[in-house]
Amino acid sequence: MESSNGTGLVVSGDSSWFYEQPLLGKEDKEAVECNMCGYDDAGFWSRLVFQWLNPLFRRGKKERLELAHVPDIPRSESAELASSSLEESIRKHKTATCCHGPLGLSYGNHYQLTEFNTLASYLGPLMIRYFVELLANNSDGDLTYRHGMILALIFFVSKTVESLSQRHWYFGALQIGVGLRAAFTLLIYKKCLSSRSAGLINGKIVNLINVDVERVGDFCSYMHGIWLLPVHMFLALVVLQRNLGKIPAMAALFSMIVVMVSNSPLAMMQEKFQTQIMQAKDARIKATSEALKSMRILKLLSWEQSFLKKILQLRETERFWLKRYLYTCSAVAFLFWTSPTLVSVTAFGACIIMKTSLTTGTVLSALATVRILQGPIYNLPELISRFAQTKVSINRINEFLREEDQKRLMNYPTQGEMDLAIDIEPAEYAWDTSDLTSKKVSVSIREKVKIMKGQKVAVCGSVGSGKSSLICSILGEVPRISGTATKVTGTKAYAPQSAWIQTGTIKENILFGRKMDAGLYDSILDACALKQDIELWSDGDLTVVGERGTNLSGGQKQRIQLARSVYSDSDVYFLDDPFSAVDAHTSTYLLKASSSNGYTSIVKSLNLPCSLTTAKTILLQRCLMGLLSSKTVVYVTHQLELLEAADHVLVMKDGSMVQHGKYKELAKDIEGELIRQVNAHRRSIDHMKPTAEEDKVAPTRLEKANRIDAFEEKHPRCSTDDNIPQQMQDEETVTGRVKWTVYSVFVMCAYKGPSDTSLPSPLPGTADGQQLLDCMGCQQR
Ligand SMILES: Nc1ncnc2c1ncn2[C@@H]1O[C@H](COP(=O)(O)OP(=O)(O)OP(=O)(O)O)[C@@H](O)[C@H]1O
């Protein structure tokens, strides 16, 4: 059994899940050819020295590299494979913290690589002493020559092993990181499709993918740092003890610990400033996107200046924290670059006190050892903080992946219920379940309601009475806090009140990955009153809509979304006031069309005062009686004239379903909520109706519609839809080197002139100078 929604994402009811990404571009032939020559075909040597990348570099030398030129990911590294093994592992261990499980083999190789790298890196400092002593001895002879050659060979082999193992270690870490990122992203994506309350956690999902998954992936590059630090310290102590003796080695160890400890508060400050920066950034991005989204309204109301002021204020706050963060970074960098000097001074100081004799060989060996230790010492606080952050992220992902699935709520008809489409059970639902002690019930259903296949169910109620929430509850989007879940049999299509449009052509948005059926497509365009819009655009249904349909009117978006839902050919339809945003132009067209194709009787019988209301009613009527006549449809409507035609009416008041049944039965209860609403609706219609005198002078609605239409035909520019940009403008990209003027403008803007440019990095510069002086001093000695 299969379930789909208005977004076109199709979910199968069995254990296999599949996804449609209809708007993704197709790969070009050249790209496919180029992708053949990748990592997969590479032999041992090619992989060892990364020779398989050479064709790409050669191409990059000749022309600008495009994404299509980058070799494809090998099958063994594909997201599908990674996610299925991760899923399997999570199923076995019942937690996402076991994410290393499926990647165990790669981790095993990794440990060996890091061990090789660490051991090889200390061979150099250990051998320097012998090499210098050999050169200082100056005694010639075959033995010295042979010793020299052996030492040189050891240096060469150790450096080669160190370099290759380090490259493969980093490459492997990135591979694991990217694999984990892809696997987790796919799992979260799958979970979004099956999750019971995806609507509520949209922001959370974005954070899970953007922040948490990213963090887990990044941690792979750092994960060995924690266990490697003691190994580094042990090896360094061994080398120092051999060269300088026990006490200077202990003094060096002490100063290493001091550097690490003094690094910690700085790392904590960095973390705190980073949090503040992120909060300030969130606030600025929120305000900026709000302003950009409503730019037209801002301009119409001349609010540009006040919004600009608000955004500048937020930028100032962000800059404030960024400045502090960068100063802390400078202090950390200072500590990083001076730590070898501090450790060497302590070690050599201890040597002087202990009167240990120092030779050029021992000094150079000790300096090289301390230099290697610099990285692990510096990285420790960051490693600890990353470890903690990654643990939090994995827990968050774990929690999300363990949430209840929609799949479990899907029900299959039993033998006696073959004709049952929706079985609404008494239950309570709440949008916000964060505070369970004072939970506010959003939807309350007190009685069972059985809806049979093919029935049309109208949901009515005043504004904010919970009609949309009821639909979402039936769909399982609102968390259930008590009672039994509603069962929906068959595939579902949902058209929400606020339309969702994806960037692409109108046609792609309607088909949404399904095969083209010209007859059905045409009849859907007609039923959803989209034909006249498509005729207006020069590219017809191939017109590209902007991001989230920015160049479409609200009514057009709603009708495209409805067309998509109808095209999905589902069993049960949930339409949430699908024509709430019908525009005047469409209503004019519909009224005109209805007078010529048999809908005049409907128009007259409804006796509605306003062309918009009439148009909405006709549209809904056309959809329900036409294309969806054999389907089960639950629709929210404010057109109470249509309630009589519905097989079942659900009446909502203050979040509760207060009445349900056939219209005629409900209408008998003159004290009931339905009659109260119908009367209020009639009163508002009467209020809008012209008086008898006005009627004499006023033209009929159809005449009026025809006049408007004639005017629009004469003056096409006045049409609401005519000024839609026909094509999305392609983003302008410039290629080549960044010009020096760009750097100079940046320097001038950022630091108010070149004189200030050295400000952010004077300390590391000093440290470098110190290092240089140190080495020179050593040479002198
Ligand atoms: N996604 C949501 N998250 C949290 N609360 C929501 C959400 N959607 C609706 N609500 C709340 O549920 C209540 C009922 O809103 P709902 O949209 O269901 O009413 P409605 O009858 O459909 O209104 P309208 O006629 O304007 O469409 C409101 O108080 C609203 O704030």
Side-chain angles (χ1 to χ4, degrees), residues 5-7 192 195-207 286 403 406 422 424 427-436 438-446 449 457-483 486 494-500 548 554-555 557-559 561-562 565 573-582 610 612-613 616-617 619-620 633-643 646 648-660 666 672-674 676-681 684-685:
N5 55 26
T7 61
C192 292
S195 180
R196 201 166 66 98
S197 49
L200 189 71
I201 46 176
N202 267 342
K204 190 177 164 188
I205 292 164
V206 173
N207 267 345
K286 198 172 158 221
E403 271 178 21
Q406 174 92 304
I422 309 171
I424 304 177
E428 282 183 330
Y429 299 84
W431 279 111
D432 185 10
T433 48
S434 53
D435 186 6
L436 284 171
S438 61
K439 58 192 169 195
K440 189 178 167 287
V441 177
S442 306
V443 175
S444 162
I445 303 169
R446 294 195 199 100
V449 183
V457 182
V459 182
C460 65
S462 52
V463 171
S465 57
K467 300 182 290 295
S468 309
S469 304
L470 174 73
I471 299 258
C472 290
S473 309
I474 295 174
L475 286 167
E477 291 289 308
V478 189
R480 179 166 45 88
I481 49 174
S482 69
T486 292
Y494 171 48
Q497 206 170 19
S498 46
W500 181 79
R548 296 191 303 273
K557 279 194 252 181
Q558 270 193 339
R559 279 177 284 127
Q561 175 187 252
L562 181 68
S565 308
Y573 285 80
F574 294 89
L575 311 179
D576 192 350
D577 210 358
F579 301 112
S580 59
V582 167
C610 154
L612 267 182
T613 319
K616 286 179 193 179
T617 314
L619 272 169
L620 197 56
V633 186
V634 179
Y635 59 96
V636 170
T637 184
H638 286 279
Q639 273 66 59
L640 299 191
E641 305 76 25
L642 287 179
L643 295 186
H648 213 96
V649 179
L650 309 179
V651 188
M652 295 299 294
K653 188 189 174 189
D654 300 333
S656 295
M657 194 200 288
V658 284
Q659 280 183 300
H660 72 91
L666 298 181
E673 178 62 18
L674 179 70
R676 200 192 61 73
Q677 283 181 21
V678 170
N679 289 341
H681 183 66
S684 67
I685 284 180

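Just so you know, ligand 1 is whichever comes first in the structure, and atom 1 is the first atom listed for that ligand. Hydrogens, waters and symmetry mates are skipped; everything else that's a heavy atom, side chains included, is used.
Of the candidates Ser469, Ala430, Ser468, the one placing a heavy atom closest to atom 22 (O) of ligand 1 is Ser468. Comparing Glu477, Lys467, Gln497 by heavy-atom distance to atom 27 (O) of ligand 1, the nearest is Gln497.
Residue-ligand proximity, Ser462 to ligand 1, at heavy-atom distances under 4.0 Å covers atoms 21 (O). Contact atoms of ligand 1 toward His638: 25 (O) (distance under 4.0 Å to a heavy atom of the residue).
Residue Val463 places no N or O, backbone or side chain, under 3.5 Å from any N or O of ligand 1.
The minimum heavy-atom distance linking Asp577 with Thr637 is given by the pair OD1-CA, 4.3 Å.
Distances shorter than 4.0 angstrom occur between a heavy atom of Gly464 and an atom of ligand 1. Residue contacts with ligand 1: Gly466 is included, with a non-hydrogen atom under 4.0 Å away.
Here the side chains of His638 and Val463 are in contact, with some heavy-atom distance below 4.5 Å. Counting only heavy atoms from C-beta outward, the side chains of Gln497 and Val636 never approach each other to under 4.5 Å. With contacts defined as side-chain heavy-atom distances shorter than 4.5 Å, the pair Leu470/Ile445 qualifies. With contacts defined as side-chain heavy-atom distances shorter than 4.5 Å, the pair Cys472/Trp431 qualifies.
Using a distance-only test at 3.5 Å, with no hydrogens or angles considered, a donor-acceptor pair links the side chain of Lys467 to the main chain of Gly461.
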